Chemist: 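Mind having a look at this structure? Questions to follow.
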Amino acid sequence: MRAIKIYDRTDLLEISFDDIKKFHGYGAYMAIGVAFRILETAFEELYGEEIPNREDISIVSGHGGPGFRDCFEFVTRAKTRGEYIVDINYPKAQYDPHRATGYVYKFTKKNGEAVEILLKENFLPPVFYDYLKMGRDDSFTPETHAEARKLILELGDKAYNMSKEDLLIVNRIK
């Protein structure tokens with residue numbers, strides 16, 4: 001089982017996807033699958049073989065949803081530390097036709113090195129955004145709710161298991 005390694009001060013933590021599921025649950029399962037892959041990719045890009053320390057990381061998220069927030073918080077504690085900002089108008093990866101929200105995430109080290117990671121546009125099918133809107137509007141029927149739930153679970157597993165090259169776009173900033 002894969003795990004993300006991170007230091008909490010001097011204590012080494014190994015956080016698996018199962019740990020994230022226990023913390024968040026399955027409500028935004030697609031997002032925790034994608035967020036786990038984003039964290040793996042960001043740490044690899046910024047730290048290579050070195051294990052990061054929570055205190056070194058700040059995050060700007062173009063997406064304000066609970067799945068991304070919970071995954072990033074559980075691993076980095078960035079929200080608790082005041083190092084997590086949501087900017088739904090971040091000018092990239094604005095795929096949702098129903099509202100402003102960016103599927104883009106910027107991770108910055110204290111030394112200024114940063115990486116910007118975008119979810120590829122074709123990962124989420126158009127119906128996914130319709131389901132999100134139905135959830136906000138409280139307009140699900142029992143059938144569409146079941147379909148949405150099935151899709152969210154499929155996408156979370158797919159994101160966790162697919163290659164980062166097929167899932168994400170990585171831009172080094174500094």
Side-chain angles (χ1 to χ4, degrees), residues 4 15 17 20-21 23-46 57-109 114-141 144-173:
I4 294 173
I15 301 171
F17 187 52
I20 302 295
K21 289 188 276 188
F23 178 71
H24 174 77
Y26 291 83
Y29 189 72
M30 177 284 298
I32 64 170
V34 172
F36 192 88
R37 295 305 315 233
I38 288 169
L39 284 165
E40 287 179 321
T41 303
F43 291 174
E44 181 181 309
E45 288 291 321
L46 288 173
I57 301 163
S58 65
I59 303 169
V60 175
S61 176
H63 196 288
F68 290 104
R69 179 202 61 222
D70 285 356
C71 188
F72 297 155
E73 171 66 4
F74 190 78
V75 174
T76 70
R77 304 297 289 175
K79 183 166 175 39
T80 297
R81 295 182 296 105
E83 296 292 337
Y84 181 76
I85 297 168
V86 174
D87 179 2
I88 61 169
N89 294 305
Y90 198 99
K92 293 185 179 178
Q94 293 282 335
Y95 308 139
D96 190 327
H98 306 295
R99 67 175 177 165
T101 193
Y103 289 85
V104 57
Y105 314 88
K106 181 181 170 189
F107 293 78
T108 306
K109 294 170 63 172
V115 64
E116 179 184 73
I117 301 177
L118 293 75
L119 179 63
K120 285 193 172 180
E121 186 170 8
N122 64 350
F123 177 73
L124 296 172
V127 70
F128 179 82
Y129 304 110
D130 296 337
Y131 289 148
L132 289 177
K133 185 175 186 318
M134 287 179 197
R136 287 190 305 275
D137 297 344
D138 197 25
S139 62
F140 275 121
T141 65
T144 57
H145 187 267
E147 292 166 5
R149 179 89 175 129
K150 181 178 183 242
L151 180 61
I152 288 167
L153 295 174
E154 289 171 359
L155 290 170
D157 287 338
K158 180 179 177 182
Y160 178 77
N161 289 306
M162 67 192 300
S163 74
K164 69 178 181 182
E165 293 80 14
D166 290 336
L167 181 67
L168 306 169
I169 299 167
V170 178
N171 299 318
R172 286 298 295 233
I173 297 175

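Every heavy atom of this structure was used, including side-chain atoms; hydrogens, water molecules and symmetry mates were not. As the structure is a computational prediction, the values presented were derived from the model and not from experiment.
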Chemist: What closest approach, in Å, do Ile59 and Ala78 show between heavy atoms, and which atom pair accounts for it?
Modeler: CD1-CB, 4.0 Å
Chemist: Going by side-chain contact (heavy atoms from CB on, under 4.5 Å), name the residues that satisfy it together with Lys79, two or more places apart in sequence or in a different chain.
Modeler: Arg69, Glu73, Tyr84
Chemist: Parallel, tilted or perpendicular: which describes the rings of Phe43 and Phe107, with under 30° parallel and over 60° perpendicular?
Modeler: perpendicular
Chemist: Testing the basics here: between Ile57 and Arg81, what is the closest heavy-atom pair and its distance to 0.1 Å?
Modeler: O-NH2, 2.7 Å
Chemist: Does NZ in Lys133 sit with more than 12 non-hydrogen atoms of other residues, nucleotides or ligands closer than 6.0 Å?
Modeler: no
Chemist: Hey, does the side chain of Tyr131 reach the backbone of Ile152 with a donor-acceptor pair shorter than 3.5 angstrom?
Modeler: no
Chemist: What's the shortest heavy-atom distance between Ile38 and Ile117, and which atoms?
Modeler: O-CD1, 3.6 Å
Chemist: In terms of side-chain geometry, is the basic nitrogen of Glu154 or Lys150 positioned less than 4.0 Å from the acidic oxygen of its partner?
Modeler: yes
Chemist: Can you list everything that forms a salt bridge (Lys or Arg N to Asp or Glu O under 4.0 Å) with Asp70? Sequence neighbours excluded, please.
Modeler: none
Chemist: I want to check something: taking the side chain as every heavy atom from C-beta on, are Val34 and Cys71 in contact at a cut-off of under 4.5 Å?
Modeler: no
Chemist: Return yes if some donor-acceptor pair links the side-chain N/O of Gln94 with the main-chain N/O of Ile88 below 3.5 Å, else return no.
Modeler: yes
Chemist: Measure from the ring center of Phe72 to the ring center of Tyr105 and say whether it is less than 6.0 Å.
Modeler: yes
Chemist: Quick one: does Lys109's side chain have a donor or acceptor within less than 3.5 Å of a partner on Leu46's backbone?
Modeler: yes
Chemist: Ring-plane angle category for Tyr103 and Tyr129, please: parallel below 30°, perpendicular beyond 60°, tilted otherwise.
Modeler: perpendicular
Chemist: Would you please say whether a donor-acceptor pair under 3.5 Å links the side chains of Tyr29 and Asp157?
Modeler: yes
Chemist: Can you list everything that forms a salt bridge (Lys or Arg N to Asp or Glu O under 4.0 Å) with Glu40? Sequence neighbours excluded, please.
Modeler: Arg2, Arg37
Chemist: If you look at every heavy atom in Asn89 and Ala100, which pair is closest and at what distance?
Modeler: OD1-CB, 3.5 Å
Chemist: How far apart are the closest heavy atoms of Ala93 and Leu118, and which atoms are they?
Modeler: CB-CD2, 4.0 Å
